[in-house]
Amino acid sequence: MLMRKCVYENISKDDIQKLFPSEVLPELQRLLTLLLQKFQREWRADVHMDKVSLPRLKTMTWNLATQDSEVREPVAVINLKLQNDMQCPQESDLSFQLAKETLDTMLKSVYSIRDQLSNMGET
């Protein structure tokens, strides 16, 4: 908790010392406060570097194709263009195939997510 507060909140030396329970010896409080202050800037920089940015969907296209197998079941070929805005804008392409059963399962999950998001907006 102490480290998290030092990294994510701008707390001073006095604020850090207020976080210790009374049972912690004053000398130990002083040493821990010095260490927390010493590494506070470095830990903040590390947290900033570790932030993850999820790519966002830019475009999606699809078509139907037949698998290269004996059965020749049709599959949906999904092509996604994703953009990652974290450091320098970068686009990437992602393609995958879904059989009817897998597509049905995925759509049920997506509809469930949509319904949950709609319910959250109503409350």
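Just so you know, these numbers come straight off a predicted model, no measurement behind them.
Around CZ of Arg44, the count of heavy atoms belonging to other residues, nucleotides or ligands within 6.0 Å exceeds 12.
Side-chain contact check for Gln83 versus Gln90: every heavy-atom pair is 4.5 Å or farther apart. By the 4.5 Å heavy-atom criterion applied to side chains, Glu91 and Leu82 are not counted as neighbours. Counting only heavy atoms from C-beta outward, the side chains of Asp15 and Leu19 never approach each other to under 4.5 Å.
Distance check, rounded to the nearest 0.5 Å: CD1 of Ile78 to OG1 of Thr61 gives 8.5 Å. From Gln37, atom CD reaches atom OG1 of Thr33 across 6.5 Å, with rounding to the nearest 0.5 Å. Remark: Arg56 CZ to Asn84 CG distance equals 9.5 Å, nearest 0.5 Å. Considering CZ of Arg30 and CG of Leu35, their distance stands at 10.0 Å, rounded to 0.5 Å.
Hydrophobic clustering places Leu107 together with Met60 (ILVMFWY residues linked when any side-chain heavy atoms are closer than 4.5 Å, directly or through intermediates). Transitive grouping of hydrophobic side chains (ILVMFWY, heavy atoms separated by less than 4.5 Å) keeps Leu57 and Leu117 in distinct clusters. A single hydrophobic cluster is not seen to contain both Val77 and Val110; linkage of ILVMFWY side chains at heavy-atom distances under 4.5 Å, directly or through other members, places them apart. Val75 and Met106 fall into different hydrophobic clusters, where Ile, Leu, Val, Met, Phe, Trp and Tyr side chains are chained together by heavy-atom contacts under 4.5 Å.
For residues 13-39, every residue pair satisfying the ring-ring contact (aromatic ring centres under 6.0 Å, His included) rule, not counting sequence neighbours, is listed here: Phe39-Trp43.
When all heavy atoms of Ala76 and Leu64 are compared, the closest pair comes out as CA-CD2, 4.1 Å. Nearest heavy atom pair, residue Ile11 against residue Gln40, reads O-NE2, 3.7 Å.
Without hydrogens or angle criteria, Gln29 side chain to Val24 main chain gives a donor-acceptor distance under 3.5 Å.
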Taking distance alone, no hydrogens or angles, what donor-acceptor pairs closer than 3.5 Å link side-chain atoms of residues 93-104 to residues at least two apart or in another chain?
residue	atom	partner	partner atom	Å
Asp93	OD1	Lys81	NZ	3.3
Ser95	OG	Asn79	OD1	2.6
Lys100	NZ	Asp104	OD2	2.9

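Ser112 and Asp115 share no side-chain donor-acceptor pair at under 3.5 Å.
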